[in-house]
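This report refers to the structure that appears directly beneath it.
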Amino acid sequence: MRENKGCIKCGSTRANQKEVAMTGTGLSKMFDVQNNQFLVVYCEDCGYSEFYNKKSSSGSNIFDLFFG
C-alpha cells in the first residue's frame with residue numbers, strides 16, 4: 001500500500017482535469033461523431049494522464065482515483 005498520495009510517476013500533488021470527446025468506430029468514425037466523452041486527469045508537473053469515462057465516473061471524486 002502506498003503511503004504517499006500523489007502522481008504515480010513523479011509524486012507531485014499538482015493535478016488538473018479536462019473534458020475530451022472522441023469518435024468511436026464504424027459510422028461514428030466515418031462521420032466524425034464524437035460520442036465518447038472522457039475526463040482526463042493529468043499531473044501538471046510531469047504530464048502523466050489517466051482517462052475516465054465521464055458517464056461512469058460522475059459522482060465520484062476523480063482526483064481521489066488519480067492519486068490512489
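Basis for what follows: all heavy atoms, side chains included, without hydrogens, waters or symmetry-related copies. Remember, predicted model here, so these are calculated numbers, not experimental data.
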> After noting the C-alpha distance and the side-chain angles of Cys7 and Cys46, does the key distance pass the side chain to side chain contact (heavy atoms under 4.5 Å, CB included) rule?
Replying inline: CA-CA 9 Å; Cys7 173; Cys46 73; 3.7 Å; yes

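Put simply, CZ on Phe51 and CG on Leu39 are 10.5 Å apart, with the number rounded to the nearest 0.5 Å. The distance from atom NZ of Lys9 to atom CG of Asp45, rounded to the nearest 0.5 Å, is 15.0 Å. Lys54 NZ to Glu19 CD: the interatomic distance, rounded to the nearest 0.5 Å, is 3.5 Å.
Nearest heavy-atom pair across Glu50 and Ile8 is OE2-CD1, 4.4 Å. Nearest heavy atoms, Val40 versus Ser49: CG1-CB, 4.0 Å.
When Gln17, Arg14, Lys18 are each tested for a side chain to side chain contact (heavy atoms under 4.5 Å, CB included) with Tyr42, only one passes: Lys18.
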